[in-house]
Protein chains: 2
Amino acid sequence: METRRKAPIGRPRGFDADEALEHAMRVFWEQGYEGASLTDLTSAMGITRTSMYAAFGNKEELFRKALERYTEGPASYGARAMREPTARQVATAFLNGSVRATTRPGCPTGCLGVQGALAAGDPGRPARDTLSAWRDEHTSRLRDRFRQAVDEGDLPPGTDPGLLARYLMTVANGIAVQAAGGATRDDLQGVADMALLNWPPPE
Amino acid sequence: METRRKAPIGRPRGFDADEALEHAMRVFWEQGYEGASLTDLTSAMGITRTSMYAAFGNKEELFRKALERYTEGPASYGARAMREPTARQVATAFLNGSVRATTRPGCPTGCLGVQGALAAGDPGRPARDTLSAWRDEHTSRLRDRFRQAVDEGDLPPGTDPGLLARYLMTVANGIAVQAAGGATRDDLQGVADMALLNWPPPE
DNA sequence: CTCATTCGGTACCGATTGGTATCAAACTCT
DNA sequence: AGAGTTTGATACCAATCGGTACCGAATGAG
């Protein structure tokens with residue numbers, strides 16, 4: 001059972017695709033989809049246009065792959081928060097994570113999932129819709145998690161899981177906007193703390 | 001003292017500048033600064049490039065003037081909220097206003113002050129900074145209003161007016177992002193209501 | 001009327017946009 | 001070694017970007 005292919009045929013690529021994608025992600029994060037030109041992207045990635053098209057398809061696919069990497073990297077706090085034992089801890093971890101991720105030193109401020117493409121002209125429409133779906137998906141996961149918490153008695157019966165999820169996502173989105181505008185981590189942590197003061201008590 | 005100039009010398013302009021600015025505002029609102037091309041703008045304004053440059057300077061100045069118009073039009077709820085008699089009413093009017101303004105039928109969803117330019121490349125940097133300053137200015141006004149409320153005993157002593165202001169602005173920004181993603185007015189009203197549950201009681 | 005002044009339509013500018021054709025270099029397979 | 005396959009550098013594409021020169025059209029001043 002020797003199915004391993006150590007070297008695919010043809011000339012091997014002369015760059016690390018993961019590393020290149022990381023750089024592309026940061027450019028999109030900082031400048032947005034429309035604000036990031038292919039010249040910006042490829043020069044940050046350290047490769048030529050040709051290599052980028054061969055490896056990633058086109059600008060739109062590169063953006064989607066950068067978003068995936070973002071989800072598993074800087075935004076991984078989302079998935080992590082979902083595994084907290086109680087609804088309150090989920091909510092706290094989610095907001096605290098969003099504060100930290102949007103104000104991480106050495107990274108662009110704000111959230112790629114928000115400022116990557118919030119409003120756009122025709123060419124940026126697909127990217128905008130991709131991000132909108134991305135936010136909705138994470139909202140749904142929060143809602144499912146809170147629904148489970150209601151079922152488990154961790155939240156009072158009659159609690160609306162969808163409302164809690166949307167509330168948290170709204171605050172996180174606001175935090176992202178604030179961070180993009182230069183708000184500090186301490187400022188935003190105060191906001192996150194305040195946003196959780198009204199969290200429903202456990203059953 | 002007859003200083004009125006009914007007709008300035010030269011050929012009179014053949015369009016209504018206010019009306020043209022209104023259309024430009026909506027294009028920026030919907031597509032963002034970088035996503036709105038001069039062709040998009042001038043064709044929506046119903047004038048030629050030449051007329052636009054003569055009347056408004058350039059794209060950047062047009063954007064600033066569109067933002068002014070936005071402030072006095074769709075975003076006028078902000079100034080109105082500030083004149084409510086109590087801090088709680090100010091906060092309620094502010095969030096309710098933001099919900100209505102970001103989901104107004106017949107207008108683009110979301111907020112020009114957020115999605116107009118949240119992240120941008122080099123050419124959009126000035127617009128982005130303009131919007132950031134715009135948000136900061138409104139946050140400061142809220143803070144001043146709450147400081148006054150503390151002085152008047154309308155808020156408990158020791159309350160941090162800056163935190164309350166930033167909290168409200170954060171929620172409003174989040175509402176704008178949600179609206180841009182297609183959230184309905186009812187959804188967002190629920191979020192706004194929930195965000196005010198933890199509002200400090202009057203002294 | 002003539003002159004000065006302003007407006008606005010056409011036609012254009014250089015620069016940049018996202019995307020490709022071409023072809024030599026670098027590799028695996030037989 | 002020779003054939004087949006993939007990468008990547010150069011050089012290019014049409015389209016669009018924001019912005020402007022030019023000049024006739026339309027007005028008030030004299």
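Chain identifiers are assigned alphabetically (A, B, ...) following the order of the sequence lines, protein sequences preceding nucleic acid strands; residue numbering begins at 1 within each chain.
- For DNA chain C, the neighbouring residues in residues 12-22 of chain B, judged by any heavy atom under 4.0 Å, are B/Pro12, B/Arg13, B/Gly14, B/Phe15.
- If you take CE of B/Met52 and P of C/dC7, they are 14 Å apart, rounded to a whole angstrom.
- Contact annotation: B/Thr48 does not reach the phosphate of C/dG8 (side-chain N/O to OP1 or OP2, under 4.0 Å).
- Residue-environment remark: CZ (B/Arg125) exceeds the threshold of 12 foreign heavy atoms within 6.0 Å.
- Summarising the geometry, the separation between CD1 on B/Ile9 and P on C/dT6 is reported as 5 Å, rounded to the nearest angstrom.
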| task | Evaluate the side-chain hydrogen bond (donor to acceptor under 3.5 Å, both in side chains) criterion for residues B/Asp129 and B/Ser132: first the C-alpha distance (whole Å), next the side-chain angles of each, then the deciding distance (0.1 Å), finally the verdict. | result | CA-CA 5 Å; B/Asp129 295 343; B/Ser132 181; 5.9 Å; no
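- Judged by a 6.0 Å distance limit and a 45° cone about the ring axis, B/Lys65 is not positioned over the six-membered ring of B/Phe56.
- Between B/Trp134 and B/Tyr70, the ring planes lie tilted relative to each other; the angle falls in the 30° to 60° range.
- A straight line from CD1 of A/Ile47 to C1' of D/dT10 spans 16 Å, rounded to a whole angstrom.
- For A/Arg80 and A/Tyr77, the positive end is not near the middle of the six-membered ring at less than 6.0 Å and at most 45° from its axis.
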| task | Summarise protein proximity over nucleotides 15-25 of chain C in one line of letters, 5' to 3': B for base, S for sugar-phosphate only, - for none, counting protein heavy atoms closer than 4.0 Å. | result | --SBBBB---B
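- Enclosure of atom CZ in B/Arg185 by more than 12 non-hydrogen atoms of other residues, nucleotides or ligands within 6.0 angstrom is indicated.
- Classification of B/Glu22 and B/Arg26 as a salt-bridged pair holds, one side-chain N sitting under 4.0 Å from a carboxylate O.
- A salt bridge links A/Arg64 with A/Glu60: the closest approach of a Lys/Arg side-chain nitrogen to an acidic carboxylate oxygen falls below 4.0 angstrom.
- A/Asp122 has its CG atom 13 Å from the C1' atom of D/dT16, to the nearest Å.
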